[in-house]
Amino acid sequence: MLEVSDLHASYGGIKALRGVSLKVDEGEIVAVLGANGAGKSTLLKVISAQHRPDSGTITFLGRPRPAQAHKVVAGGISHVPEGRQIYADLTVLQNLQIGAFLRKDKDGVKQDLDRVFGYFPILQERIGQYGGLLSGGEQQMLAISRGLMARPKILMLDEPSLGLAPLIVNQIFQILKEINRTGTAILIVEQNARKALSIARRAYLMTTGEIERSGASDELIEAESLYKIYLGKAEA
């Protein structure tokens, strides 16, 4: 479904990605793991056309990924950024409507509103509340739901567990599994390695802009290189 090949990207003179290659097959959950500064967020930004690569190729559904970000979304890739980045001065409903801005199928949009409210009932309770007044967990739920409102074929998430209580993290990851069961592929960037590996089929370990190792999640979860990346911690 998504294939990245020999991707290089920079910020000024600083190399952020150095020959990164990965793929996400239809219906998969794939994790990208690594410490801060590994290049994980840059990878998602390049895939979603928010940052221009130096070189390399990105194909989606067998075609070159569009060069403009709104066409990437329209084509079936949604990016839920790190830090949620919801619109604090808009209501929950308005944030969700922005997620569906490019769509013309009103009935489908209504169905997807019902769908995300099924995943996160608290958002329906907060439908008229401003985004900035939501808790951190509720804002993350809103950010994921906004991404789903574009009806993507692949949902990319950047650090969805960041700054959240363990109970909320567990709830969100359970919903991600449900979203995947409906057919939406997921590419998830995470520092919480064990949590990401618990739902992913495959994973890639990144260090300093490069893929150090890749493989099945159940193999990587015991890999020495995983512990090395996280300074020997049992939990990332």
Side-chain angles (χ1 to χ4, degrees), residues 28-36 38 40-41 43-45 48 78-100 112-152 154-201 203 217 220-221 226 229-231 233-236:
E28 273 195 312
I29 300 179
V30 174
V32 179
L33 310 174
N36 279 333
K40 308 184 305 296
S41 294
L43 173 62
L44 295 193
K45 289 177 181 178
S48 59
S78 279
H79 180 186
V80 181
E82 181 181 0
R84 297 122 194 176
Q85 297 185 28
I86 63 165
Y87 294 95
D89 56 349
L90 297 181
T91 66
V92 166
L93 178 59
Q94 289 168 333
N95 271 274
L96 295 173
Q97 289 170 332
I98 286 174
D112 285 339
L113 274 175
D114 292 339
R115 176 189 175 199
V116 299
F117 289 149
Y119 290 142
F120 303 114
I122 191 65
L123 295 182
Q124 189 165 23
E125 296 178 23
R126 306 277 195 269
I127 191 167
Q129 189 167 318
Y130 290 115
L133 299 179
L134 301 178
S135 69
E138 290 165 354
Q139 288 185 1
Q140 186 63 68
M141 294 173 190
L142 179 56
I144 293 170
S145 298
R146 182 182 59 189
L148 288 173
M149 289 303 298
R151 193 172 281 188
I154 180 169
L155 183 68
M156 304 195 306
L157 302 111
D158 194 349
E159 304 285 4
S161 72
L162 186 65
L164 302 183
L167 185 64
I168 300 298
V169 172
N170 290 339
Q171 180 183 355
I172 286 175
F173 273 72
Q174 182 61 41
I175 295 299
L176 292 180
K177 289 197 292 185
E178 292 184 26
I179 291 168
N180 177 249
R181 280 196 288 267
T182 69
T184 304
I186 293 176
L187 178 61
I188 181 170
V189 157
E190 259 293 345
Q191 288 193 64
N192 190 331
R194 287 191 176 275
K195 181 58 69 174
L197 290 172
S198 72
I199 67 169
R201 177 184 175 188
S217 293
L220 288 180
I221 201 165
L226 180 64
I229 286 174
Y230 292 101
L231 304 177
K233 295 179 182 178
E235 291 278 340

Do the non-hydrogen side-chain atoms of F173 and N192 ever get within less than 4.5 Å of each other?
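Result no, sub-4.5 Å side-chain heavy-atom pair not found.
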Minimum side-chain heavy-atom gap L134-I122 below 4.5 Å
no
With D89 via salt bridge (charged side-chain N to carboxylate O under 4.0 Å, His left out) - residues at least two apart:
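Once residues adjacent in sequence are excluded, D89 has no partner under the salt bridge (charged side-chain N to carboxylate O under 4.0 Å, His left out) criterion.
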Once you round to the nearest 0.5 Å, how far does [atom1] of [X] lie from [atom2] of [Y]?
| X | Y | atom1 | atom2 | result |
| --- | --- | --- | --- | --- |
| L33 | R194 | CG | CZ | 11.5 Å |
| Q139 | R146 | CD | CZ | 10.5 Å |
| T182 | L148 | OG1 | CG | 8.0 Å |
| I144 | R84 | CD1 | CZ | 9.5 Å |
| I186 | S78 | CD1 | OG | 11.5 Å |
| H79 | L155 | NE2 | CG | 9.5 Å |

Around atom CZ of R201, are there more than 12 heavy atoms from other residues, nucleotides or ligands closer than 6.0 Å?
no
Can you confirm whether Y130 is buried at OH, in the sense that more than 12 heavy atoms of other residues, nucleotides or ligands lie under 6.0 Å from that atom?
no
Are the charged groups of E190 and K195 less than 4.0 angstrom apart, N to O?
no
Kindly determine whether Q191 and N36 satisfy side chain to side chain contact (heavy atoms under 4.5 Å, CB included), including the steps that lead there.
CA-CA 8 Å; Q191 288 193 64; N36 279 333; 2.7 Å; yes
Please name the pair of heavy atoms, one in [X] and one in [Y], separated by the smallest distance, quoted to 0.1 Å.
| X | Y | result |
| --- | --- | --- |
| I179 | R115 | CG2-NH2, 4.0 Å |
| L123 | S145 | CD1-OG, 3.4 Å |
| V189 | P160 | O-CD, 3.6 Å |

Evaluation steps, side chain to side chain contact (heavy atoms under 4.5 Å, CB included), between Q174 and Q171:
CA-CA 5 Å; Q174 182 61 41; Q171 180 183 355; 5.8 Å; no
Could you go through I127 and T91, starting from their C-alpha distance and side-chain angles, then the distance that decides it, and tell me whether this counts as side chain to side chain contact (heavy atoms under 4.5 Å, CB included)?
CA-CA 7 Å; I127 191 167; T91 66; over 6 Å; no
Derivation and outcome, side chain to side chain contact (heavy atoms under 4.5 Å, CB included), residues V80 and Q140
CA-CA 9 Å; V80 181; Q140 186 63 68; 3.9 Å; yes
